[in-house]
Protein chains: 2
Amino acid sequence: MTKNKTKIRQTGCPVAFGLDIFGDRWTLLVIREIMLRGRRTYSEFMEMEEEIATNILIDRLKSLEAEGLVDKERDPQNRRSFLYSLTKKGRDLAPILLEIIIWSGEHDKRSFALTEVLEKIEADREGFESGLRSEKGC
Amino acid sequence: MTKNKTKIRQTGCPVAFGLDIFGDRWTLLVIREIMLRGRRTYSEFMEMEEEIATNILIDRLKSLEAEGLVDKERDPQNRRSFLYSLTKKGRDLAPILLEIIIWSGEHDKRSFALTEVLEKIEADREGFESGLRSEKGC
DNA sequence: TTAATTAGCTTGCGTTTTGCAAGGCGTGAC
DNA sequence: GTCACGCCTTGCAAAACGCAAGCTAATTAA
């Protein structure tokens, strides 16, 4: 396992604290897979269109579990598979993901027909947030 | 200059789009310095308690400028210095920063007396957001 | 008008992380 | 048994990071 996140910045700043946990190019994409797409297994995560490498994926899954953002359990239906699910701490990342989606929607030139979705989000932030697993936005 | 952010993931997902721009351990800390602490120059950024290296700082400033999140201009008062300031695109990151602060406030065990600030934020999100440059939270 | 200082930036080099390809191992199906 | 599936490890090259040193242009001090 690549020894990731070696340097932890205990400065007390909440921004730095958050970035120490999910401040990289892959962690929030794994969260997105679970939260927005309902994917739950290693092989489902491997299907994401951004083409994550196997060692990076397993590294992020381990650190997410170590940080208490996801739980890992055997799939009762298929006992050679594992199911990853968000803890409360993980689910609480929803507003951050939502704000990233809003920001990108406003500033991504290629934002293909996302505008209408964005207007809905802005109009009903609460409602959207509670129903985040409904495929909108991504 | 370290050739940063080589791989750009044009998948159309707004989460990936955002992470391509600020998905690393330093970019949002530079934004924090400007937005929350009112710092504007290279040497002021070097004073941040997380001890950023000079080459990393200049690399991030250049990519922030290239992405149109900050503007750079000569300081009229001190013509050997430059002033960095947020563009609209940069200022629009405020809600993301705010949500990170809220998340960390809830999940950082060492969250020294931040709780009361958080309650204020939650109670008056709009108000807090518009006055983000007021030293609270960080 | 020359020397020193300040602010911003570059360079070199060792370490860490990432990306990619290949392969290994445990579980369950046949 | 043997085979396939799902999860995970390993090896190696490339990129990014971290650290220390030094360079350059603008300003101030002598």
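Considering CG of Leu57(A) and CG of Leu29(A), their distance stands at 11.0 Å, rounded to 0.5 Å. In this structure, Leu69(B) CG and Lys89(B) NZ are separated by 5.5 Å, a value rounded to the nearest 0.5 Å.
Taking side-chain N and O atoms only, Arg40(B) has no distance below 4.0 Å to OP1 or OP2 of dA7(C). Under 4.0 angstrom from either OP1 or OP2 of dC7(D) there lies no side-chain N or O belonging to Lys62(A). For the OP1/OP2 pair of dA7(C) and a distance below 4.0 Å, the side-chain nitrogens and oxygens of Thr41(B) include no atom meeting the criterion. Within the structure, every side-chain polar atom (N or O) of Ser81(B) is placed at least 4.0 Å from both OP1 and OP2 of dT6(C). Contact annotation: Trp26(A) side-chain N/O to dT18(C) OP1/OP2 distance is not under 4.0 Å.
Between Ile52(A) atom CD1 and dT18(C) atom C1' the separation is 11 Å, expressed in whole Å. Between the CG atom of Leu57(A) and the C1' atom of dG19(C) there is a distance of 14 Å, rounded to whole Å. Atom CZ of Arg25(B) is separated from atom C1' of dT18(C) by 15 Å (rounded to the nearest Å). Following rounding to the nearest Å, Ile58(A) (CD1) and dG6(D) (P) show an atom-to-atom distance of 15 Å. Put simply, CE on Met46(B) is 12 Å from P on dC9(C), counting in whole angstrom units. Going from atom CG of Asp24(B) over to atom P of dA15(D) covers 18 Å, rounded to whole Å. One atom, CD of Glu73(A), and another, P of dC7(D), lie 13 Å apart when rounded to the nearest Å. Summarising the geometry, the separation between CG on Leu19(A) and P on dC17(D) is reported as 13 Å, rounded to the nearest angstrom.
Using a 4.0 Å heavy-atom distance criterion, Tyr84(B) is classed as a sugar-phosphate-only contact.
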- Task: Determine, stepwise, if the pair Trp103(B) / Phe22(A) fulfils ring pair (Phe, Tyr, Trp, His ring centres under 6.0 Å).
- Result: CA-CA 12 Å; Trp103(B) 184 88; Phe22(A) 52 78; 5.4 Å; yes

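For the pair Leu83(B) and Pro76(B), the minimum side-chain heavy-atom distance is below 4.5 Å.
Ion pairing between Arg25(B) and Asp24(A) fails under the 4.0 Å rule for side-chain N and carboxylate O. Salt bridge Glu67(B)/Arg60(B): absent, no basic N to carboxylate O contact under 4.0 Å.
Listed for the Thr87(A) side chain is a donor-acceptor partner under 3.5 Å among the backbone atoms of Gly68(A).
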- Message: Does the protein touch nucleotides 21-30 of chain C at the base, only the backbone, or not at all? Give it as B, S and - per nucleotide, heavy atoms under 4.0 Å.
- Response: BB----BS--

